[in-house]
Amino acid sequence: MTNIIINAKNHTIEMNKTVTKAASRFGTPEYNELQEARRAYPTFRVVTVAKKTAKPVYKGLTFEYIEKYIAAHDDDEKSITAEYLMLRGLDEAGKNADADSANYSDIKDWFFQTFPAIEQFHSERNALLEKIAQRKAEKQAAKKAA
């Protein structure tokens with residue numbers, strides 16, 4: 001099994017929430033794996049870590065933000081606004097049909113296709129935020145070790 005990660009840099013035995021729950025039940029394969037890791041690394045702390053999401057998170061990318069960005073970057077014919085309103089079911093045809101909005105994920109994908117620079121910005125910001133979080137975790141680990 002590969003449910004446990006040995007993080008030598010931080011002196012931790014890491015598991016996600018699902019594995020932690022399973023390892024708390026005596027006799028399960030996850031429990032046995034954890035006990036083996038604890039015997040191999042008796043000085044390491046056991047920690048539960050958040051699962052890494054496959055898709056990046058775009059904090060602050062709300063419909064309000066999207067609308068403001070479109071308003072500031074639309075063409076003279078307001079064609080981008082028209083597409084957005086259609087996706088949201090807020091254009092005249094959508095109102096007449098009592099249409100629902102497309103889901104957030106589809107609108108986000110359309111927005112990034114329309115404005116690729118925004119996706120690049122969010123990707124770079126997420127990378128920077130991850131770097132900051134890693135530095136913070138390293139400082140905390142060093143502080144605990146001292």
Side-chain angles (χ1 to χ4, degrees), residues 1-26 28-91 94-95 99-146:
M1 285 190 186
T2 59
N3 294 318
I4 294 177
I5 296 170
I6 305 301
N7 187 331
K9 185 176 184 179
N10 292 330
H11 297 284
T12 57
I13 299 170
E14 300 175 352
M15 303 178 294
N16 66 37
K17 188 176 178 180
T18 304
V19 176
T20 299
K21 185 175 179 179
S24 70
R25 291 189 296 276
F26 184 81
T28 62
E30 292 83 1
Y31 173 87
N32 294 333
E33 186 178 4
L34 174 60
Q35 296 312 312
E36 186 179 333
R38 291 179 78 183
R39 281 189 296 276
Y41 300 93
T43 61
F44 283 32
R45 291 180 303 114
V46 177
V47 296
T48 302
V49 295
K51 286 183 181 179
K52 299 221 179 205
T53 56
K55 289 187 171 184
V57 176
Y58 298 102
K59 188 172 183 173
L61 188 65
T62 62
F63 286 132
E64 182 180 356
Y65 174 86
I66 290 170
E67 291 165 7
K68 285 181 180 179
Y69 192 87
I70 291 169
H73 297 87
D74 206 349
D75 55 20
D76 292 337
E77 293 82 34
K78 303 287 183 197
S79 63
I80 299 172
T81 298
E83 286 181 18
Y84 173 76
L85 291 174
M86 192 263 302
L87 288 170
R88 291 292 312 271
L90 300 173
D91 64 342
K95 288 178 185 176
D100 289 334
S101 175
N103 65 42
Y104 172 80
S105 180
D106 291 338
I107 293 173
K108 178 190 71 174
D109 292 343
W110 167 85
F111 181 68
F112 285 150
Q113 288 173 7
T114 307
F115 301 105
I118 294 298
E119 184 173 23
Q120 180 64 31
F121 165 77
H122 280 277
S123 295
E124 290 172 5
R125 182 171 68 174
N126 285 343
L128 179 59
L129 290 172
E130 286 179 25
K131 195 175 189 180
I132 291 168
Q134 181 63 33
R135 284 187 205 148
K136 184 177 179 181
E138 289 171 1
K139 280 185 180 180
Q140 288 175 343
K143 195 174 189 181
K144 285 182 182 180

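By convention here, the first residue in the shown sequence is residue 1.
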Geometric class of the H122/Y65 ring pair [parallel <30°, tilted 30-60°, perpendicular >60°]: perpendicular

How far apart are the closest heavy atoms of D74 and S79, and which atoms are they? OD1-N, 3.6 Å

Just do the side chain to side chain contact (heavy atoms under 4.5 Å, CB included) check on F44 and N7 with the steps written out, would you? CA-CA 9 Å; F44 283 32; N7 187 331; over 6 Å; no

Using the side-chain contact (heavy atoms from CB on, under 4.5 Å) rule, pick out the option among I5, V49, V46, N3 that qualifies with M15. V46

Can you confirm if the aromatic rings of F111 and Y84 lie within a centre distance of less than 6.0 Å? no

So for atom CD, which belongs to E36, do other residues, nucleotides or ligands contribute more than 12 heavy atoms lying within a distance under 6.0 Å? no

Side chain to side chain donor-acceptor pair (under 3.5 Å) for E14 and T12? Distances and angles first, verdict last. CA-CA 6 Å; E14 300 175 352; T12 57; 3.1 Å; yes

Of all heavy-atom pairs between A22 and T28, which one has the smallest distance, and what is that distance? O-OG1, 2.8 Å

Checking E138 against Q134 for the side chain to side chain donor-acceptor pair (under 3.5 Å) test, could you report, in this order, the C-alpha distance in whole Å, the side-chain angles of both residues, the deciding distance, and whether it holds? CA-CA 6 Å; E138 289 171 1; Q134 181 63 33; 3.1 Å; yes

Is there side-chain contact between E124 and L128, with at least one heavy-atom pair below 4.5 Å? no

Do H73 and I80 make a side-chain contact, defined as non-hydrogen atoms from C-beta onward lying under 4.5 Å apart? no

Here the pair of heavy atoms bringing I107 nearest to A102 is CD1-O, 3.5 Å

Answer yes or no: is there a side-chain heavy-atom contact under 4.5 Å between Y41 and I4? no

Taken to the nearest 0.5 Å, the spacing of K78 NZ from I70 CD1 works out to 11.0 Å

Would you say that more than 12 heavy atoms from the other residues, nucleotides or ligands in this model lie under 6.0 Å from the CZ of R38, or not? no

Y31 versus R25, closest heavy-atom pair with distance: CB-O, 3.3 Å

Given side chain to side chain contact (heavy atoms under 4.5 Å, CB included), test L34 with I13 step by step and report yes or no. CA-CA 8 Å; L34 174 60; I13 299 170; 4.2 Å; yes

